[in-house]
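Quick notes on the structure that follows.
Every chain is numbered from 1, with letters handed out A, B, ... down the list of sequences. Keep in mind the model is a prediction, meaning the values are calculated, not measured.
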Number of protein chains: 2
Amino acid sequence: MFSLDELRAGLAEHRPQILALVHAETSTGACQPLEGVGELCREFNCLLLADTVTSLGGLPLFLDDWGIDMAYSGSQKCLSCPPGISPLTLGPRAIAKLNQRQTKVPNWYLDLSMVGKYWGQERTYHHTAPISMIYALREALRLIAEEGLAERWSRHQANAERLWEGLASLGLKCHVEEPYRLPSLITVCIPEGVDGKAVTQKLLTDYNIEVGNGLGELAGQVWRIGLMGFNSRPENVLMVLDAFKETIG
Amino acid sequence: MFSLDELRAGLAEHRPQILALVHAETSTGACQPLEGVGELCREFNCLLLADTVTSLGGLPLFLDDWGIDMAYSGSQKCLSCPPGISPLTLGPRAIAKLNQRQTKVPNWYLDLSMVGKYWGQERTYHHTAPISMIYALREALRLIAEEGLAERWSRHQANAERLWEGLASLGLKCHVEEPYRLPSLITVCIPEGVDGKAVTQKLLTDYNIEVGNGLGELAGQVWRIGLMGFNSRPENVLMVLDAFKETIG
């Protein structure tokens, strides 16, 4: 995680055109605070791009208030929609930058200037819309509206806290300190002497629970437990805690 | 459409690394014969890439026999699967070329070397698979296997011939001569004095039939009628002919 001071120093030194930050990082389980970063980026004439894949629908996210110029997300995390479609948003500063390009985007598929014309008034053909996925996303959003966004955020937080407490009572430590700990993806330190992969394998085969192994530098160091969208439920918390207890107890 | 002689002359002059051909062209309704093109490309040390979006599952296509090194298609045309997933294949010559790259592919999303590792034995993470679309495609392919590929091709051809005859009896001409005329997408010349767009609008609002308008150079010149996959049925041919008869008759 970066503090505002660290970000300011980095922007001053590197003067980037875009600052890209991952809001909810699924390898580490850490939340990058984004409040105030947009103002900082404006000071340095820089766009703010946020990866909100594991935060959208699961924890507070305020694109406009935080001055986020571009954000993308995934459908299959806290939105609980099948994978295969990605929410994407561009604010006026990002669109202005796109429109100022002097050269063509070098590929068709990811050319947002064409996508913009397709989505816009002109309806210029760019791609065939993935109709079934759009219906699926709409239904996922409808369920979120039904629950209420604030209620959904609280639910994610409450179930994460249940899990954190339960893990502590099993003598397991979370990898991330609490102010930066994600409610949607919890990284748990593998205790010394425990074969982490053997545990996740047993959880999968004996309990039908998929817990992720560590990635990159954290390979062999942590387990990764997701509590996202529909899956963020008290009974799931109890189930995963029971399974851990029986497996490593 | 290009003849083998024209393609040979083009390859000799331009010496491209890749020859890209559209097998079934949906703007014109023309079929580009691909037999023999693969051998020609091998002669000129060139890869053959085929766009089979509107041919796969609707008309004869023999990737190996025709020496096609790379092909992509769409799910939503003759396969009659929802849109949102694209069949893609690379043969050994294309993979060898990919593996010989000296520079990294400049974007993650379309990096086939990463996709290859994800699909291959290594299972290196590249993307979250669009599970629902894969089930949908599997079901579409199961229905094709149930019907039989040869039977499916014959059905497309037979229904197209029904449409061609019916159009002729209404005094309407097809834009493409028969040996190159696609069975999956039929372009019909708009008779002089007829407002093409008014007709497609009426077909849509009064008959719930969507007929495409001409694109590019053919804008205002042709209508485009699709007879693809599940939609290639005698009753649909009769329905569209009746609707045309009442609308322009």
Side-chain angles (χ1 to χ4, degrees), chain A residues 20 22 26-27 49 51 53-54 72-88 103-112 115 118 122-140 185 197 210 212-216 218-219 224 226 228-229, chain B residues 20 22 26-27 49 51 53-54 72-88 103-112 115 118 122-140 185 197 210 212-216 218-219 224 226 228-229:
Chain A
V22 179
T26 45
S27 317
L49 166 66
D51 174 325
V53 170
T54 310
Y72 56 84
S73 191
S75 56
Q76 76 279 10
K77 304 276 186 186
C78 302
L79 298 182
S80 275
C81 165
I85 195 166
S86 294
L88 169 73
T103 55
K104 269 189 148 184
V105 179
N107 76 63
W108 177 290
Y109 194 95
L110 300 172
D111 184 345
L112 285 184
V115 171
Y118 178 60
E122 305 176 48
R123 300 286 306 152
T124 309
Y125 174 76
H126 176 259
H127 60 272
T128 299
I131 306 168
S132 312
M133 288 306 310
I134 290 170
Y135 280 120
L137 183 60
R138 190 196 185 281
E139 177 62 11
L185 192 291
K197 275 200 180 173
E210 191 169 6
N213 291 300
L215 298 169
L218 290 175
R224 301 183 307 129
M228 305 178 194
Chain B
V22 179
T26 44
S27 317
L49 167 66
D51 174 325
V53 170
T54 310
Y72 56 84
S73 190
S75 56
Q76 76 280 12
K77 303 275 185 183
C78 301
L79 299 183
S80 275
C81 167
I85 195 166
S86 294
L88 168 74
T103 55
K104 270 188 146 185
V105 178
N107 77 61
W108 176 292
Y109 194 95
L110 299 171
D111 184 344
L112 286 185
V115 171
Y118 178 60
E122 306 176 49
R123 300 289 302 155
T124 310
Y125 174 77
H126 177 260
H127 61 273
T128 299
I131 306 169
S132 311
M133 289 307 309
I134 290 171
Y135 280 120
L137 183 59
R138 190 196 184 281
E139 177 62 11
L185 192 291
K197 275 200 179 175
E210 189 167 8
N213 291 299
L215 298 170
L218 291 173
R224 302 183 307 129
M228 305 179 194

task = Just jot down the ring pair (Phe, Tyr, Trp, His ring centres under 6.0 Å) partners of B:Tyr135, sequence neighbours excluded, or say none.
result = none

ask   = Rounded to the nearest 0.5 Å, how far apart are OH of A:Tyr125 and OG of B:Ser27?
value = 9.5 Å

request  = Give, for atom CD1 of A:Ile85 and atom CE of B:Met133, the distance between the pair rounded to the nearest 0.5 Å.
outcome  = 10.5 Å

task = Side chain from CB out, backbone as N, CA, C, O: work out which of these in A:Leu110 comes under 4.5 Å of a heavy atom of chain B, or both, or neither.
result = side chain

message = The criterion is ring pair (Phe, Tyr, Trp, His ring centres under 6.0 Å); which residues satisfy it with B:Tyr72, sequence neighbours excluded?
response = none

ask   = For A:Pro83 and B:Ala129, which heavy atoms make the closest approach, and how far apart are they?
value = CG-O, 3.2 Å

ask   = In this structure, are over 12 heavy atoms from other groups packed under 6.0 Å from A:Glu139 atom CD?
value = yes

inquiry  = With a 6.0 Å cut-off (strictly less than), is the heavy-atom count around OH of A:Tyr109, excluding the residue itself, greater than 12?
reply    = no

inquiry  = Just so I understand: if I count every heavy-atom pair under 4.5 Å between each of B:Ala136, B:Gly74, B:Pro130, B:Pro106 and chain A, which residue has the most?
reply    = B:Pro130

